[in-house]
Amino acid sequence: MAAMFTTAFVVVLLSTQVASQSSTANLEALLRDHFSTNRHHVTNLPGKMAARDFIYDTWQVYGMQVFLHNFLTANSQYTGANVVGLWPGRYTGTAADRPVLLSAHYDTMRDTPGVDDNGSGLAALLESARLITSQPCLQDYSVVFTAFDLEEWEQATNPGSACSSLGCGSKEFVNNILLPYLTQTGVSPADFRGAVVMDTIMNYNNSQGAQFIPGGQGFGATPGLENAYASISSEGFRGNFLATISRDPYDSPVLDAFNRRWAGLSNQQYKTQSLKIPIKDIVRDLPGNPYAQVYQALIRGDFYNFWAGNANLTTVFLTDTGDLRGGMQDCYHHGCDDLSRVTPERLTFLQKTTNAVTATLWELANGATCTDPTSAVSKDFKTGLHMTGNLVLPYAPSDFRFTVTSYSTTGVVMATFSNDTLSLQLTGRFDDKTLQLTLRLSEPTKAFPGQIDPLQTMAWVMSGQVMTAAKGNLFYTGEVQGLFGPQGGAVSFAFLSSSGNDTSGQGVSTLSIIFFVSSGILFVLAVALYASTICKARSLDEPFSREQSGAC
């Protein structure tokens with residue numbers, strides 16, 4: 001038997017500072033306050049969990065959809081956990097999406113604070129996430145941020161060892177989250193726009209002879225590495241560059257975008273060197289290649305698992321070459337990889353990398369030149385709005401309350417949807433071009449009791465168009481996808497705001513807000529009834545009316 005629900009809809013405008021460049025002060029603070037102590041599950045589990053939780057909480061504040069991707073390890077007492085943050089785009093969840101991804105690992109070896117390896121990558125990851133989520137417009141494609149657990153590996157005989165092969169966390173993510181998610185949304189791996197993996201990216205050293213090249217001239221005679229070797233050797237083997245490792249030409253869309261963005265930034269003393277492996281299918285074709293030993297020495301990071309998971313996953317690796325440069329030849333995986341390695345010169349090097357990778361992500365995600373999304377929103381939507389009425393579902397057990405608690409100047413909407421037994425925290429974006437308000441579960445693995453599969457809960461989406469109805473009213477209509485409808489199908493909705501937008505919530509008229517299966521005749525009749533009312537009283541000069549002016 002269908003139940004009735006009373007709902008409320010409240011909106012408050014927040015102030016969000018929009019930035020286009022990273023800050024060395026922010027990068028230094030991230031390193032000092034969050035990524036300068038050991039992060040190994042045996043030697044400092046509380047420190048590792050503190051870093052993980054900080055990343056999670058920060059991304060949640062930024063309005064991302066965030067979850068922990070938990071996975072089994074070789075240690076039955078330790079469950080691995082990747083932190084995943086989704087910044088949705090206009091086409092997220094559809095076959096038209098072309099996702100991009102940025103990642104860094106957050107674990108360390110047992111005996112190191114891991115400031116360069118990989119606190120530097122984490123600082124860039126967090127700062128890039130801040131910049132991307134500060135943009136006041138909606139990009140076309142999803143931007144995914146991931147902090148991987150258990151990139152570092154150790155012998156299985158070590159007490160408490162959880163991972164005995166490189167990149168256990170990223171392998172689990174690619175095979176059990178990324179590839180299934182692409183299949184679920186109808187996106188081919190070949191249409192994945194690209195991943196950038198960062199690991200140990202701060203150690204700039206311009207001293208002559210600081211850069212060690214394994215294999216020497218043999219390295220320089222290897223196809224794809226000749227130009228880089230010639231350049232490095234001609235400058236006296238200085239560690240004055242960020243290395244990019246890619247498959248040529250298969251990863252060139254991401255590499256070319258990154259190199260172009262890097263070249264457009266200041267501080268030209270910081271260089272890049274492109275190390276290119278001319279093999280697409282690394283798993284199948286690398287073992288038989290005559291230069292396999294040289295190439296294999298370059299493949300030392302989470303990026304390998306993208307290439308191995310599906311050869312069509314375009315991926316580029318960024319690194320300062322780790323234990324091959326300067327003081328890190330001694331400090332790599334040891335106690336002296338600490339805050340003493342942080343200098344103004346290296347922070348500026350890290351800043352340039354952060355700015356270049358952020359601009360690359362935004363370009364690949366089809367981020368437009370931003371305009372203020374709030375310009376398309378009626379003033380009542382910004383300053384306070386109540387929507388009251390009834391919600392109808394064929395099987396729901398009790399009353400629900402729906403409250404939009406905040407609306408930021410970047411178009412981020414925070415909301416709750418709850419009843420006496422269930423409370424869903426929602427986060428979403430407002431698209432000023434299509435006038436779509438789309439909400440998702442802010443923490444998909446925590447949303448429903450007993451339901452922790454992120455692939456299922458990430459499919460829960462509430463999306464509709466906001467239009468101007470009678471003067472002083474807003475009309476919001478669309479569908480909820482996943483878990484609420486019959487067999488997880490779509491459920492349609494139509495919301496109409498209270499007359500006069502009385503922000504006190506007192507003395508306002510109550511109008512029906514009706515949820516039915518999307519194909520239901522009752523929903524069609526309800527929308528028709530509302531449309532008739534709206535067409536009689538529509539104010540065409542209201543911002544939300546511009547796409548609807550010819551509909552009546």
Asker: Do side-chain atoms of Thr457 reach the backbone of Pro444 as a donor and acceptor pair under 3.5 angstrom?
Answerer: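 Between the backbone of Pro444 and the side chain of Thr457 there is a qualifying donor-acceptor contact (under 3.5 Å).
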Asker: Just checking Gln268: does its CD atom have more than 12 heavy atoms from other residues, nucleotides or ligands closer to it than 6.0 angstrom?
Answerer: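 Counting other residues, nucleotides and ligands, CD of Gln268 exceeds 12 neighbours.
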Asker: Look at atom CG of Asn267 and say whether more than 12 heavy atoms of other residues, nucleotides or ligands are closer to it than 6.0 Å.
Answerer: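 It does: Asn267 CG has more than 12 such atoms within range.
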Asker: Does Leu455, at its CG atom, have more than 12 non-hydrogen atoms belonging to other residues, nucleotides or ligands within less than 6.0 Å?
Answerer: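 Result for CG/Leu455: enclosed.
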Asker: For a quick test of reading the model, state the closest non-hydrogen atom pair linking Tyr295 to Pro278 and the distance between them.
Answerer: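 Smallest heavy-atom distance, with atoms named: OH-CD, 3.3 Å.
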Asker: Under 3.5 Å, is there a donor-acceptor pair between the side chain of Asp117 and the main chain of Asp337?
Answerer: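 Here the side-chain-to-backbone pair does not exist.
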Asker: Going by the side-chain contact (heavy atoms from CB on, under 4.5 Å) test, name the single residue among Val316, Thr315, Leu298 that passes it with Ile245.
Answerer: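 So, applying the side-chain contact (heavy atoms from CB on, under 4.5 Å) to Ile245 and each of Val316, Thr315, Leu298, only Leu298 qualifies.
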Asker: If you count every heavy atom of other residues, nucleotides or ligands that lies below 6.0 Å from Gln269 atom CD, does the total exceed 12?
Answerer: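 Yes, CD of Gln269 has more than 12 neighbouring heavy atoms, counting only those of other groups under 6.0 Å.
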Asker: Is there side-chain contact between Asp285 and Lys280, with heavy atoms separated by less than 4.5 Å?
Answerer: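 Counting from C-beta outward, Asp285 and Lys280 never come under 4.5 Å.
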Asker: Can you label the angle between the Phe303 ring and the Trp307 ring as parallel, tilted or perpendicular, going by 30° and 60°?
Answerer: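 Because their plane-to-plane angle is over 60°, the rings of Phe303 and Trp307 count as perpendicular.
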Asker: Determine whether Val294 and Phe219 make a side-chain contact, defined as any pair of heavy atoms from C-beta on separated by less than 4.5 Å.
Answerer: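 Touching, per the 4.5 Å side-chain cut-off.
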Asker: Please confirm whether the backbone N or O of Asn38 pairs with a side-chain atom of Arg110, one donor and one acceptor, at under 3.5 Å?
Answerer: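 Absent.
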